[in-house]
Amino acid sequence: MALKVAPSMLASDLARLADEAQRMEQAGADWLHIDIMDGRFVPNITMGIPVVQSLRKHTRLPLDIHLMVQEPERYVERFAEAGGDYIVVHAEATTHLHRTLQQVRATGKKAGVALNPATPLSAIEHVLDELDLLTIMSVNPGFGGQKFIPGALPKVEHAAKLLGPRLGRVELEVDGGVTVQNAPACRSAGASVLVAGTSVFGAPDAREAIAHIRGRA
Ligand code: DX5
Ligand code: ZN
């Protein structure tokens, strides 16, 4: 199964979002990762529903909507309508995770769960059948450009075991501080999608950075 690379648009020039999305598309990105922050679940505020709606018209790539939002169930339908393909909620942010995942699937979109570095994998043990994507955070969410937390690697390995035969149908994503240097370790731990912000947008050649992260130099 080919590894996917999802550039995090948070690291792009946000005033030129459509151009940046097209640049990533041309550079070989598989998905676009969109970081939605509400200033409550995380200290930062980024973009919202109208931005996703506008961006949708400018790219054909799947949009991976990472909701760093308290009570994401309040916004699931609106992000789905705006054009998200994967709607990813944090297990720590929603009381009724099982219901929230069903709510995502009811929109016809793919349902994802993200886990903070301190959150154990047991948080998703009983919702495996409702999952299309699992995101292991390798930084504490809130900001781009942070350092990769090495403890995420054994967690990804455990997650791959927990997903077992589901892996493949369920994507296993690593998000935060992914670089050309640590991407091979993420891949061998079992990741199927790598999110990369700073290491792609900060690179002199985005196409080369994406190819290296994917492991095809
Ligand atoms: C962190 C976000 C990440 C981040 C990735 O809160 O969820 O998606 O923007 O960016 P880098 O690769 O710069 O850590
Ligand atoms: Zn993210």
Side-chain angles (χ1 to χ4, degrees), residues 3-14 17 20-21 23-24 27 29-48 51-52 55 61-70 72 75 79 84-94 104 110-119 132-153 155-156 159 171-187 191-204 206 208-214:
L3 184 103
K4 297 181 194 67
V5 179
S8 163
M9 298 310 292
L10 185 60
S12 75
D13 179 350
L14 288 169
L17 200 53
E20 293 282 72
R23 183 161 76 88
M24 289 302 117
D30 298 284
W31 295 357
L32 296 179
H33 183 86
I34 314 292
D35 287 306
I36 310 290
M37 304 188 189
D38 69 348
R40 291 279 295 170
F41 180 67
V42 289
N44 206 359
I45 300 179
T46 54
M47 41 203 155
V51 175
V52 174
L55 182 62
L61 293 180
L63 298 181
D64 172 26
I65 310 290
H66 180 192
L67 295 179
M68 285 159 276
V69 170
Q70 202 62 46
Y75 296 106
F79 278 103
D85 294 283
Y86 283 82
I87 312 284
V88 184
V89 301
H90 267 266
E92 306 85 1
T94 183
V104 174
K110 306 256 195 202
V113 174
L115 300 179
N116 282 340
T119 304
D132 300 301
L133 176 146
L134 171 61
T135 302
I136 303 298
M137 293 306 301
S138 39
V139 297
N140 287 292
F143 302 93
Q146 301 182 79
K147 208 169 159 286
F148 187 89
I149 298 170
L153 287 172
K155 195 174 179 183
V156 173
E171 303 283 0
L172 180 53
E173 182 177 78
V174 178
D175 184 14
V178 172
T179 61
V180 169
Q181 287 72 34
N182 61 32
C186 296
R187 292 197 302 267
S192 65
V193 185
L194 298 182
V195 175
T198 309
S199 61
V200 167
F201 285 96
E208 197 180 278
I210 289 174
H212 277 103
I213 289 167
R214 186 182 282 117

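Note that ligands are numbered from 1 as they come in the structure, with each ligand's atoms numbered from 1 the same way. Every value quoted in this text rests on a predicted model; they were computed, and no experiment measured them.
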Heavy-atom distances under 4.0 Å are what count here, so tell me which part of Thr198 touches ligand 1: side chain, backbone, both or neither. both
Which segment of Ala196 sits under 4.0 Å of ligand 1 when only heavy atoms are counted: backbone
Tell me whether Lys110 is salt-bridged to Glu171, with the criterion being a basic N under 4.0 Å from an acidic carboxylate O. no
Just to the nearest 10 degrees, tell me the angle at the Zn ion (ligand 2) spanned by His66 ND1 and His33 NE2. 100°
Just need the protein heavy atom nearest to [atom], so name the residue and atom and give the distance.
atom                   : result
atom 6 (O) of ligand 1 : Gly142 N, 2.8 Å
atom 1 (C) of ligand 1 : Phe143 O, 3.5 Å
atom 9 (O) of ligand 1 : Asp35 OD2, 3.1 Å

Examine distances only and state if a side-chain atom of [X] and a backbone atom of [Y] form a donor-acceptor pair shorter than 3.5 Å.
X      : Y      : answer
Glu20  : Met9   : no
Asp38  : Phe41  : yes
Ser192 : Leu3   : no
Asn182 : Gly177 : yes

Using a 4.0 Å cut-off to any heavy atom of [X], which atoms of ligand 1 qualify?
X      : value
Met137 : 7 (O)
Gly144 : 9 (O), 10 (O), 13 (O)
Gly176 : 14 (O)
His33  : 8 (O)
Gly145 : 11 (P), 13 (O), 14 (O)
Gly177 : 11 (P), 12 (O), 14 (O)
Leu10  : 9 (O)
Met37  : 6 (O)

Grab the two heavy atoms, one from Ser8 and one from Gly197, that are nearest each other, plus how far apart they are. CB-CA, 3.8 Å
Can you see which heavy atom on Val200 is nearest to which on Ala196, and at what distance? CG2-CB, 3.8 Å
Please confirm whether [X] comes within less than 3.5 Å of ligand 1 when only nitrogen or oxygen atoms on both sides are compared.
X      : value
Gly197 : yes
Pro141 : no
Asp175 : yes

Are Leu17 and Ser12 close enough, and set up right, to give a side chain to side chain contact (heavy atoms under 4.5 Å, CB included), and what steps lead you there? CA-CA 7 Å; Leu17 200 53; Ser12 75; 3.7 Å; yes
Taking the six-membered ring for Trp, are His66 and His90 parallel (under 30°), tilted (30 to 60°) or perpendicular (over 60°)? parallel
Flag side-chain contact, heavy atom, 4.5 Å: Met68 against Thr46: no
Report yes if the side chains of Pro62 and Leu32 come closer than 4.5 Å at any heavy-atom pair, otherwise no. no
Go through Met37 and Phe143 one step at a time and tell me if the side chain to side chain contact (heavy atoms under 4.5 Å, CB included) criterion holds. CA-CA 9 Å; Met37 304 188 189; Phe143 302 93; 5.9 Å; no
Of all N/O/S atoms in Asp35, which lies nearest to the Zn ion (ligand 2)? OD1
Of the N, O or S atoms in Asp175, the one nearest the Zn ion (ligand 2): OD2
